[in-house]
Every structure is written in structure tokens, then in C-alpha cells.
Amino acid sequence: MSEKLDFQFHHVQIFVHKLKSLQEYKKLEQRLNKLANSGHFDPFSGGMRYLEPKAQMDRVLKGREVWKEILSAEEKEKEEGGEGEECKNSDIIEQLIVGLGWRVTAEYAGAGTRCLLVTSADACGVKLCVTALEEEEEEEEKGLYPDCSLFPHFDRELVRTMLDQHGGRQVIGVLGFEVAEGIEEIVRRYGEKHPKLMVHEGLREWKDVRRFCIGGREEVRELGSLRMFEVYAYYKEEEEADKGTRLRFVERRGNYARAEGFSNPLGVLPGLEDVNAKFDGTSIASYSDHWVSNVKDRKRFLQVLEETLGFVPKVEFNAGVVAAGEAMIESTVVGNSSSHLSCKEEEILRDQSQVYLPINNALSEAGHVHTFLQEHGQGIQHLASRVEDLVSFVERVNNYKRMTGRGLSFLSIPRSYYGCLKAEMLESIQLSPGLVKELMSALVAQQLMTRGGIVDLDVTEEQVQNLPVSHDLQEELRRRSDDIVSVLHKSCYNNIFALLQHNLSEDMYLQIVRNRILVDIQGGDVLLQIFTCKILQTSPGQEAPFLEFIERVCKSSSCKLIRPGCGGFGIRNFLTLFLSIEISQAIADEEEATRKGDEISAKKARRRMELLNRQMDESNPILTKISDVMTEEGVCLEQLEVTKTAEERQALQARIEKLAREKSKKTAELQQLSDHFARLTSSCNQGN
């Protein structure tokens, strides 16, 4: 492992059943540009700033009317017929164009296949190459298209294999990395350690060779080249390769490396040709942060990555930490160590040299990871990308969904994750016991709060003053209404306030809750996360890949250098995601059972939802403690690296050992809690 490997995220290739014509996608882009340019309602003016509650909705409703005017009568009827359908039957390219404001920026049209490159306005960011089979051309038409043998990454057999290996499902099939240094070393290591994972021997190469006439003499010059090496990502069993997912390494030189795309599509993949792309000004750039696999043998994949790429474990989520009801998984985040340091946040945002690859495996025959592996086989569960402002990003996605009925939908995070009102919170501001008791009842009666203590985000002082309470309490209610409203608002986010304290304003906290964004903090670095619904699902109930978007707010001072990947992976959020996916499945099961008139199954699903929400609430304080311990442990390890005296090193080592014991103790508590809810869920599923 002596030779340095220098690489970063580059592109992802997705394989789908069918693509619409380029003209259809461009027509959609033109209409969206027209919608965005109708500035009298545009909710993204002023730097996409958040508007006051409900004021934004007026503009969005106006935007909905403008969108209907843009559509033809036939399209309008189709649009209205499709409203309410989320997380299914969606075209991935359409989701990206509408939801994210991305555009089709290049195309490959070959003999039997077609590929469209979709990117944001920053060509250096995420690059998704969406590929599909085309209908067979007539014999006389075949010569009009590039020969697939020239571009094996677009070959018909590759597309067929990818779809077949995943039971006919649409799939994220290839993870592409750009190698600046060491591609021959990667080939050597795979050849020596894992030859059965190699898709082909050695390197494939494309060159830009041109002829010039200089001084009457003809000269041939090589202006650039791209070298490529592909391997299968996982083993299936024993030493047999799983052919359903590939890792692709590309090295670009000269013309191939002069730009990332747009004017130079060859900088992504040979065979792509530029197409005109006009962005509407609301597109938010995103950059690859981590790519997540679901596998059967996690340790084997970890071994392969360590032996070939030098990747090492960064974070371990052991058994018991990630469990929801009967579902349980283990996960390891593995990656390289980027040497990039900067004090410029924009530079760190755009840098993709820190590669993280989280790897999950199921430990039980329940839950979405197990079901994914059963239905889909080993593969990519989701792609995570960084954005500069996650709140604005989420609002942009949600607004376009409301205006057009199309785009992306996000996974619903239970409001209890953020906080709820408890009587003690009202008591803490010295309200009389009688008023506290009547307020708790009146808020529920007036539908300003659920029985579980979830308060309406838009509750006003006027609504509080009008709550029906006893005559002798009305004067106290009126006098203290401002304080009461303040407590009600804070109750909406008191769980995450316990983590972040005064790092955020109340408006920002409420925006986070309103947009159902997950938050975590590690060593002063804040992590914001959100997950979409399944983006490649073709029928309800199927397991399928999804997307994640994050914002990393790195703790910094005027002189401190920061590196890509600050903020970790959010141990609280990891479990919350897992629980939320299971809750979403329980909701879907309840809806399906209700539709069929199966009250017994519907009741079981509701009970599962209740248990999963309880598990989330009871896990939160334990996870917070584990997160705090891990943060301090990380700080101590950093100090250990630079401490010179033996006495200081000994003290730090003792502290690290104590923290490790605390983490182990809390993990055991979490395991016991998980086992308890697994038994309750099992009993529920059995009808007891």
C-alpha cells in the first residue's frame, strides 16, 4: 500500500426501463423556465429567503395557477389525475428536472441504448448518467448511431445485465471515481488480491488524436485521453462476483480533463455529446458526499476496499444501535482520508475528495434492508449529496411539488423527533397549576395540539388568548399569553434545542421542524439531513433506492482550517432514518389494509406505528449521550496525536478508555431497549 491513491467522487450511472425523448425533457425544462420567470409569484426571489408562515403559500398557490395556464388542456387533465401520487411511478429524470431544477446537459444515442446526463448548474457537482435500452432499429438505421463496442459503458448487454441482476428493477448500477494519481496501482491490487472482481483486464483507453498541417507538414498530436478500469463491487458467495454493481475508476488528461461537462461531456464519459441546457435560476448545486450499499457480507466488502483502495473504517454502528421493532442492521462507514484543507467554506462544499462509503447488512429477517436484499439483491441503497443551504433546498423542492404536482417527495419524519409539549414546560414559567391543567386540555380540544403533545407550528397569541378556560383563569391567560406562546413554539423543537442550544434562531428551528429536517452535532460541527422517498420505484410497496441531501456546517474560526466531511454521520439521525422508513412502511400497510377493509391488519399497523414512535422517543436521550461521548472521544484522539509529554499522553489515554467504557455501557442500554421493542413488535405482528 505504499503508492498514494488520489481520487474523488465523479459520476453515477443509473439503469432504468425507459427514457422519454430528449425533446420531451427539453419541453418540460422550457415550461419550468417560463414558470420561474413569472416573477410576480416567484417564491425564490431575494436569494430564496424563507417567507413568513402562510405568506409563502399564497405565492405557491398563484404559481399553481400559472403552471396550469402553461400546460395544454390534455396535459392539465393528466396532471390533475396524477395529483396525490407520491413515491411511485415516477421518471427519475423528470423528478430531478422539476424537483431540483437540474437539466439534461449531455446525451449518448447509440445502437440499442441511450444515456442522458443530468446535472445541476455546477458541472463540477453531482453527475447522474441515466441509461436505458432503446427499441431495436431497422438494419439500415443502425449505421447512423455510434457502435456500442466503442463505448462498453453504454453497451446493451450491460444494461440488460444490470436490470436482470436486480430482478428487473431499476437500479443505481455504477459508482464512478476520478483518479488523479494511482490508477495503475488500483489495477495491480485488484489483479493481485481480487482478480475475480475485475470486469476486464487492464485499462481501457480513449484518446483525442488530431491531425494538423503546420508549415506544409502534417503532424499528429494527442490532445487528451481518458483511461478507465471497472470492477464488480461485491462478492456474491465464496469467490463468485456479484455482477449487479460496479465500481468505475477514470483518469482524465488533456482535453478530457479541461472541464467537467456542459462544453466538455467527454469529461464525464466518452460517447456523451453536449445538449443545450438553460437553468432557471432556482437550481441548487449539490456535491457528492457519500454513497451507501446494502450487502450480505459487510466484512468481506470492507476487506476488499481496504486491500484495493486503502479505505479504513471511520464510524461503526453496531448491533443494537440501529434497530426498529424487529428490524436490526449493522453499518460501517468506510473511506479514504482526504488531505484537502481550507478555511473557505465554499471550497470545502465543492470539494469531493473525501470519499465515504457506508455499508449496511441486515441482522434480522425484518425491515427495509432485509427486504431490499431479498427483492433487489445487493446494491446501492442511496446517494447522499451536500448542498449549501438545506432549508432553502427543501423549500424549493416542496414548492415545486405543490405548484406542478411533480418532482421529489421527502420521507416523513415524525414530529416527536423534534419535540413535544409537556406540562412541566408550562410550569417552568410559573403558571398556576390550574391554568397549566386547563391549557393542556384546551389546546387539544381546539386542535392546536395532539394528545401526544405535538403543537401546531403556526399557533398565535390570539388563538391562545381565546382558549376556553375557567373565568377565574382568564386574566392570567391574557396577561401571560406572550410567554405561553413562546413555550408552545419552543416545545416544537425542544429535543433538537437540547443538542444545538442557541446556535440557531427560533425562526431557523421552526423552519427545520416545518421542513422535517434531521439535525445532529458532533464536536461543534452541525449536520442537517433529509431523505427522499424511493426514486426508482415502479409499483407501490417495492423497495428501491432513494436520495439524501445534507448540509455540513463546519465549526470554524477566522484562522482554523476545515476539511470535507465535517459533522460525521449523525448517530441519532441514523437510527431516526431507520425508524422513519419502518414507520412509513407501517403507514403504507395501514392505508392498504383500510382500503381492503381489513380492520385487523390496519389495527396491527397502527400499533406498530405507535411502538416505533415510542422507541424513537425513548432512544433519543441514550443516543444523545452516545453522540456526546463519541464527540469527546474524537477530540481526545486529536489531542493525543499532537501531545508531546508522556504525562499528558497518559492522562488523555485514560480519558479515552473511560469514554470507551461509557459508550459501551450506553450502547448496551440501547440494545436492551431495542430488544424490548422487538419483543413488543413481534407480539403485535402475531396478533397478541
Side-chain angles (χ1 to χ4, degrees), residues 8-14 22 25-26 28-33 35-37 42-44 47-48 90-107 115-130 172 175-176 178 259-265 267-269 272 274-291 345-353 382-401 404 406-408 410 528-532 535 545-552 564:
Q8 62 181 352
F9 292 114
H10 188 246
H11 70 273
V12 171
Q13 192 168 5
I14 299 173
L22 178 62
Y25 292 123
K26 287 300 169 184
L28 175 60
E29 291 178 8
Q30 290 166 6
R31 289 177 168 178
L32 290 166
N33 289 341
L35 176 66
N37 290 332
D42 181 17
F44 314 110
M48 299 177 69
S90 294
D91 178 333
I92 176 60
I93 292 183
E94 181 180 294
Q95 291 177 73
L96 297 171
I97 290 173
V98 180
L100 306 183
W102 292 9
R103 296 294 182 257
V104 177
T105 55
E107 179 186 33
C115 177
L116 297 176
L117 174 65
V118 189
T119 70
S120 70
D122 188 343
C124 294
V126 175
K127 294 176 276 292
L128 302 182
C129 305
V130 186
I172 299 170
L175 303 180
E178 178 172 3
E260 289 287 346
F262 296 2
S263 62
N264 185 38
V268 182
L269 281 174
L272 287 171
D274 270 319
V275 298
N276 182 49
K278 182 180 179 182
F279 291 85
D280 64 10
T282 72
S283 174
I284 300 179
S286 66
Y287 306 90
S288 294
D289 188 87
H290 58 275
W291 296 335
E345 292 184 4
E346 181 183 356
E347 189 175 318
I348 291 299
L349 170 69
R350 300 178 79 243
D351 183 84
Q352 297 176 106
S353 64
H382 75 271
L383 307 173
S385 305
R386 291 190 302 275
V387 297
E388 183 177 11
D389 182 346
L390 188 64
V391 171
S392 293
F393 175 88
V394 173
E395 288 172 353
R396 192 255 183 240
V397 173
N398 287 336
N399 288 344
Y400 268 81
K401 184 74 173 181
T404 68
R406 308 184 193 185
L408 289 167
F410 294 115
L528 306 179
Q529 298 171 281
I530 197 164
F531 301 87
T532 70
I535 56 167
F546 53 93
L547 300 177
E548 173 187 357
F549 294 95
I550 67 177
E551 178 185 349
R552 295 186 181 275

Contact summary for [X] and [Y], nearest pair of heavy atoms:
X	Y	answer
V104	K26	O-NZ, 2.7 Å
R386	L349	NH2-O, 2.9 Å
I550	H290	CD1-CE1, 4.4 Å
D122	A285	CB-CB, 3.8 Å
V126	S288	CG2-N, 3.7 Å
C129	C115	CB-SG, 3.7 Å

Measuring only between side-chain heavy atoms, which start at C-beta, is [X] closer than 4.5 Å to [Y]?
X	Y	result
I92	V118	no
L128	L117	no
N33	L35	no
F549	F531	no
L28	R406	yes
D280	R103	yes
K401	L408	no
R552	Q529	no

Give a yes or no answer on whether the side chain of [X] reaches the backbone of [Y] with a donor-acceptor pair at less than 3.5 Å.
X	Y	result
R350	C124	no
K278	N276	no
E551	L390	yes

**Message:** Applying side chain to side chain contact (heavy atoms under 4.5 Å, CB included) to L96 and L547, what does each step give before you reach the verdict?
**Reply:** CA-CA 11 Å; L96 297 171; L547 300 177; 4.3 Å; yes
**Prompt:** Do the rings of F393 and F410 sit parallel, tilted or perpendicular, given the 30° and 60° boundaries?
**Reply:** tilted
**Request:** Could you go through the side chain to side chain contact (heavy atoms under 4.5 Å, CB included) check for V12 and I14 one step at a time?
**Result:** CA-CA 6 Å; V12 171; I14 299 173; 4.1 Å; yes
**Request:** Would you kindly say whether D351 and Y287 are connected by a side-chain donor-acceptor distance under 3.5 Å?
**Result:** no
**Asked** Side chains of H10 and Q352: do they bring a donor and an acceptor to under 3.5 Å?
**Response** no
**Item:** Full working for ring pair (Phe, Tyr, Trp, His ring centres under 6.0 Å) between W102 and F279
**Value:** CA-CA 7 Å; W102 292 9; F279 291 85; 9.3 Å; no
**Item:** side chain to side chain contact (heavy atoms under 4.5 Å, CB included) assessment of I535 paired with Q95
**Value:** CA-CA 8 Å; I535 56 167; Q95 291 177 73; 3.8 Å; yes
**Request:** Give a yes or no on whether E388 atom CD has more than 12 heavy-atom contacts from other residues, nucleotides or ligands under 6.0 Å away.
**Result:** no
**Complete:** Interatomic distance, CG@L100 vs CZ@R396, rounded to 0.5 Å, equals 7.0 Å
**Request:** In sequence, state the C-alpha distance, the side-chain angles, and the governing distance for L32 and I97, and then conclude on side chain to side chain contact (heavy atoms under 4.5 Å, CB included).
**Result:** CA-CA 9 Å; L32 290 166; I97 290 173; 3.5 Å; yes
